[in-house]
Asker: 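Here it is: the structure, laid out below.
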There are 4 protein chains.
Amino acid sequence: MSIEIESQIENPDRVEWRREQVVNAAVERFAQNGYHATTIKEIAETAGVSPGLIYTYVKDKEDVLLLVFLAAFRRYQTEIPQKIAGISDPLQKFRAAFRAYCECVGSNLDSTLIAYQESKSLKPGRRKIVQDLEIKTNALISEPLQDCIKAGYIACANVDLATFHLILHAHGWALKNWFFRERISLNGYIEEGLSRFLNSSLTPSGWERWRAEAKG
Amino acid sequence: MSIEIESQIENPDRVEWRREQVVNAAVERFAQNGYHATTIKEIAETAGVSPGLIYTYVKDKEDVLLLVFLAAFRRYQTEIPQKIAGISDPLQKFRAAFRAYCECVGSNLDSTLIAYQESKSLKPGRRKIVQDLEIKTNALISEPLQDCIKAGYIACANVDLATFHLILHAHGWALKNWFFRERISLNGYIEEGLSRFLNSSLTPSGWERWRAEAKG
Amino acid sequence: MSIEIESQIENPDRVEWRREQVVNAAVERFAQNGYHATTIKEIAETAGVSPGLIYTYVKDKEDVLLLVFLAAFRRYQTEIPQKIAGISDPLQKFRAAFRAYCECVGSNLDSTLIAYQESKSLKPGRRKIVQDLEIKTNALISEPLQDCIKAGYIACANVDLATFHLILHAHGWALKNWFFRERISLNGYIEEGLSRFLNSSLTPSGWERWRAEAKG
Amino acid sequence: MSIEIESQIENPDRVEWRREQVVNAAVERFAQNGYHATTIKEIAETAGVSPGLIYTYVKDKEDVLLLVFLAAFRRYQTEIPQKIAGISDPLQKFRAAFRAYCECVGSNLDSTLIAYQESKSLKPGRRKIVQDLEIKTNALISEPLQDCIKAGYIACANVDLATFHLILHAHGWALKNWFFRERISLNGYIEEGLSRFLNSSLTPSGWERWRAEAKG
DNA sequence: CATGAATGAGAATTCATTCAT
DNA sequence: AATGAATGAATTCTCATTCAT
């Protein structure tokens with residue numbers, strides 16, 4: 001489950017701390033110039049460490065990119081469950097999950113962009129790791145959605161397909177942020193996506209549930 | 001309007017032909033390994049020419065990437081107008097335009113992906129060219145949409161926003177093709193996007209128009 | 001005054017030491033094959049370092065050439081003042097300065113040749129630096145000459161013109177060294193040039209001074 | 001005696017004509033940017049021919065440089081004898097020869113500079129040819145000088161040495177032309193060099209001859 | 001004869017990675 | 001543990017030279 005990236009350093013706390021330093025610097029630089037155009041030296045400078053240090057916490061440059069991906073996924077896995085914890089109504093939970101997902105995108109614009117732009121920069125082994133994590137992250141949306149279907153609130157030919165639509169919408173906020181930013185708030189963007197989706201997917205019983213909610 | 005890329009070769013037919021050769025090879029390699037990981041030598045080999053030849057038709061490697069973008073845009077500008085020519089009903093025209101756009105994405109999966117992944121690989125001057133063309137290409141959707149609004153078929157707070165949603169959906173086919181490919185046909189994907197959009201945007205008169213069409 | 005050439009290395013002693021290594025190797029190779037025909041790899045090999053190292057002490061190949069020029073000028077500026085220090089008689093001082101200049105040429109045959117052959121290899125910015133230094137170096141001759149004129153020992157229509165003649169003579173030792181080397185000693189060459197110059201430039205009072213000197 | 005440079009073209013007049021075209025273009029470009037920084041394409045453009053054409057009249061780029069040297073020497077060999085023909089007095093002849101030499105330099109500033117800057121750009125075989133021609137050209141000065149010595153007008157320990165001094169002075173006009181140009185005329189420069197030389201080399205009988213000449 | 005497109009060897013330069021301190 | 005100087009493989013780009021037309 002937890003992916004192991006080799007480090008010459010023993011102390012795990014130190015490893016965590018240093019890697020965070022490096023990842024933050026890397027996200028900043030990758031987002032600006034892309035993975036290939038960013039040098040280890042630049043990352044080191046941005047992080048306030050030496051190039052040599054990076055190589056004691058990481059095997060090679062690609063590992064840094066992988067760490068960037070992992071850090072992003074960890075945030076999804078931490079924040080979304082947190083935000084939907086305690087919600088029992090399936091429809092409410094689904095909506096909360098989608099909102100949480102979008103908010104995660106919103107606070108990780110750089111990482112999300114990097115994910116789209118640099119996935120090809122990983123060689124097969126590491127690419128596989130990232131793909132598996134992506135699927136696992138999708139479950140944060142698909143499971144609540146499934147529950148709505150089971151509860152008869154949503155009708156949906158193919159859950160996975162729908163999930164991808166929702167996630168694409170969420171990612172759209174990062175992909176075209178330069179455009180959306182000045183025209184709509186993240187909340188507006190979220191609600192628009194949500195209502196567009198529910199509009200064409202809610203069952204009559206779902207509509208009722210929704211209306212009831214809106215009133216409450 | 002037409003962007004000039006310098007070439008040492010005079011004969012414009014020859015330039016066109018050779019550049020096409022090179023662009024095809026480049027798309028193939030860029031899609032596989034990304035722009036930076038692809039060497040000029042590889043492109044040359046794939047195109048069946050010498051590395052030196054490329055530099056007689058192009059100033060530098062970035063020009064090759066730019067040509068890839070330009071070729072893609074040209075296809076949109078050619079094919080979409082062709083497919084909507086002669087349609088007078090606004091709603092029909094809009095749907096045809098969206099279908100054409102998606103089909104263009106469908107037959108240019110590689111270029112579309114490259115566009116998302118390598119936009120940062122262009123330096124400001126060339127990046128600007130691409131951005132301008134992107135806006136121009138968006139008009140192929142936004143104008144028919146605008147006409148539907150004028151005709152009272154579609155209600156839409158913000159045309160640009162809606163256009164971006166539609167285009168994001170279209171690009172989604174390329175971005176997540178590895179996933180969609182095995183689950184839904186391009187046509188299914190198009191109709192789903194279309195109906196999702198119309199579902200939440202048609203005016204009553206628009207619904208009527210649509211139903212009438214469906215019958216006819 | 002002191003020209004700054006960028007280096008990635010901080011420690012100035014190390015920079016000085018490494019650059020000296022590189023310059024020595026470069027002088028050797030440039031003198032043999034010229035600037036353009038010499039590759040960085042060759043210089044690196046001659047210096048016993050890697051090609052990459054050179055680029056941590058220098059921005060590009062032209063910087064190496066500039067360093068070669070600078071090193072030569074530094075030698076003139078150091079050695080000539082040293083050799084004329086403490087001489088008060090203007091005529092004696094002038095002769096000492098000219099001798100010192102020629103000796104500098106004599107111990108920097110390669111650099112002097114390179115200066116004549118490769119001045120065009122520098123692009124305007126750096127060329128200007130070298131020209132300014134050349135003028136500054138000429139002053140090492142023109143000033144003592146001026147003093148002789150003021151003292152009434154030498155009559156000279158145009159000091160600059162005369163300076164150039166003297167310097168051309170000095171450089172001649174390097175330019176045609178393959179010829180002179182086997183026919184005349186540097187000292188002979190110096191005295192010949194000197195007496196030729198004085199012969200046609202001394203005032204009567206200058207002649208007297210010279211004769212007095214010769215006796216004493 | 002006449003150096004053979006291979007050409008694929010048979011007709012010798014055509015060869016002469018084309019080579020002249022090429023040499024003129026080459027001198028222009030070499031003088032501006034140096035031999036290495038000048039491309040065959042540039043020379044071809046300047047000459048108004050195609051790059052391919054050059055290679056039918058010449059084996060390689062170095063041959064072009066050699067042709068530049070040869071053309072210069074030919075001018076010396078043609079013009080100097082012409083200008084001293086018919087002068088019988090040795091002293092007058094010597095002075096005429098030196099003047100002619102300097103004038104040759106004056107009307108071939110570019111070639112003279114190229115000769116100093118690019119001699120190293122020739123590989124041994126061709127370098128030898130040029131050196132031999134240089135020695136042969138020196139004879140145009142050294143022989144009249146020798147005659148003056150024989151006639152008892154000039155006293156000179158070493159003819160070759162003196163010749164080199166004179167030639168160095170002549171070349172100085174080209175080497176430092178940017179400086180001399182605005183301060184002295186070529187004639188002034190010639191006479192200055194001449195008088196400086198004669199001042200310290202004339203025998204009493206030479207002085208008398210000179211004075212007699214000056215009067216007449 | 002002349003052209004100019006095509007070739008490919010070769011050069012400068014960069015940068016991930018190592019390792020002595 | 002951390003540093004940063006050094007390495008050298010790899011890449012882009014140039015240009016002398018060839019050759020089909």
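Note on naming: letters A, B, ... go to the chains in the order of the sequence lines (proteins, then strands), and numbering restarts at 1 for each one.
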Asker: To the nearest Å, how far apart are I40(A) CD1 and dC15(E) C1'?
Answerer: 10 Å
Asker: Is it true that atom CD of Q131(A) has more than 12 heavy atoms of other residues, nucleotides or ligands lying nearer than 6.0 Å?
Answerer: yes
Asker: Could you pull out the closest heavy-atom pair between A37(C) and N33(C), with the gap in Å?
Answerer: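 Scanning both residues completely, I find the closest heavy atoms to be CB-O, 3.2 Å.
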Asker: Taking R126(A) first and then D60(A), would you say they form a salt bridge - that is, a charged N and a carboxylate O separated by under 4.0 Å?
Answerer: yes
Asker: What contact category does T38(A) fall into here, base, sugar-phosphate, or nothing, at under 4.0 angstrom with non-hydrogen atoms?
Answerer: sugar-phosphate
Asker: To the nearest Å, give me how far apart CD (E62(C)) and P (dA11(E)) are.
Answerer: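 Rounded to the whole Å, the gap is 18 Å.
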Asker: Check the pair L113(B), L109(B) against side chain to side chain contact (heavy atoms under 4.5 Å, CB included), reporting the backbone distance first and the verdict last.
Answerer: CA-CA 6 Å; L113(B) 263 182; L109(B) 291 177; 6.0 Å; no
Asker: Minimum heavy-atom separation for K61(D) to H36(D), with atom names?
Answerer: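 K61(D) and H36(D) have their closest heavy atoms at NZ-O, 3.7 Å.
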Asker: Is Y55(B) near enough to dC13(F) that one of its side-chain N or O atoms lies under 4.0 angstrom from OP1 or OP2?
Answerer: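 Answer yes for this pair, as a side-chain N or O of Y55(B) is under 4.0 Å from OP1 or OP2.
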Asker: Identify the heavy atoms of I114(B) and F69(B) that sit nearest to each other, and give their distance.
Answerer: O-CZ, 4.2 Å
Asker: Measure the distance from CD on E6(C) to C1' on dT13(E) and round it to the nearest whole Å.
Answerer: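 E6(C) atom CD is separated from dT13(E) atom C1' by 15 Å.
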Asker: For the residue pair V15(A) and I9(A), what are the closest heavy atoms and their distance?
Answerer: CG2-O, 3.7 Å
Asker: Is any side-chain nitrogen or oxygen of K41(D) closer than 4.0 Å to OP1 or OP2 of dC15(F)?
Answerer: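 No, outside the criterion.
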Asker: Between C1' on dC15(E) and CG on D60(A), what's the gap in Å once rounded to a whole number?
Answerer: 14 Å
Asker: Using the side chain to side chain contact (heavy atoms under 4.5 Å, CB included) criterion, which residues pair with Q21(B)? Sequence neighbours excluded.
Answerer: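 Q21(B) satisfies side chain to side chain contact (heavy atoms under 4.5 Å, CB included) with W17(B), R18(B), V49(B) only.
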Asker: Please give, in whole Å, the distance from dT12(F) C1' to I43(B) CD1?
Answerer: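 Rounded to the whole Å, the gap is 11 Å.
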Asker: Measure the spacing between CD of E42(B) and CD of Q32(B) and express it to the nearest 0.5 Å.
Answerer: 9.0 Å
Asker: Grab the NZ-P distance between K61(C) and dT14(E) for me, whole Å please.
Answerer: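 Atom NZ in K61(C) sits about 15 Å away from atom P in dT14(E).
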Asker: In the 5'-to-3' direction, what one-character label does each nucleotide of nucleotides 2-10 of chain F receive under the scheme B = base within less than 4.0 Å of a protein heavy atom, S = sugar-phosphate only, - = no such atom?
Answerer: SBBSSBB--
Asker: Check each residue of residues 119-130 of chain B for a non-hydrogen atom within less than 4.0 Å of any atom in DNA chain F, then write out the ones that pass by number, or none.
Answerer: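 None - not one residue of the stretch has a heavy atom sitting under 4.0 Å from the strand.
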Asker: Among all residues two or more places apart in sequence or in another chain, which pass the side chain to side chain contact (heavy atoms under 4.5 Å, CB included) test with V22(D)?
Answerer: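 If we apply the side chain to side chain contact (heavy atoms under 4.5 Å, CB included) test to V22(D), skipping adjacent residues, the hits are I43(D), I54(D), V64(D).
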Asker: Taking a pair as Watson-Crick (N1 to N3 plus N6-O4 or O6-N4) or G-U wobble (N1-O2 and O6-N3), both under 3.5 Å, which stems of 3 or more consecutive pairs involve DNA chain F?
Answerer: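 Consecutive-pair runs (3 or more) involving DNA chain F: E:2-21 with F:2-21.
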Asker: F30(B): what forms a ring-ring contact (aromatic ring centres under 6.0 Å, His included) with it, not counting sequence neighbours?
Answerer: Y35(B)
Asker: Whole Å only: how far is the NE2 atom of H36(C) from the P atom of dA11(E)?
Answerer: 13 Å
Asker: Just how far, in rounded Å, is C1' of dT17(E) from CG of D63(A)?
Answerer: 13 Å
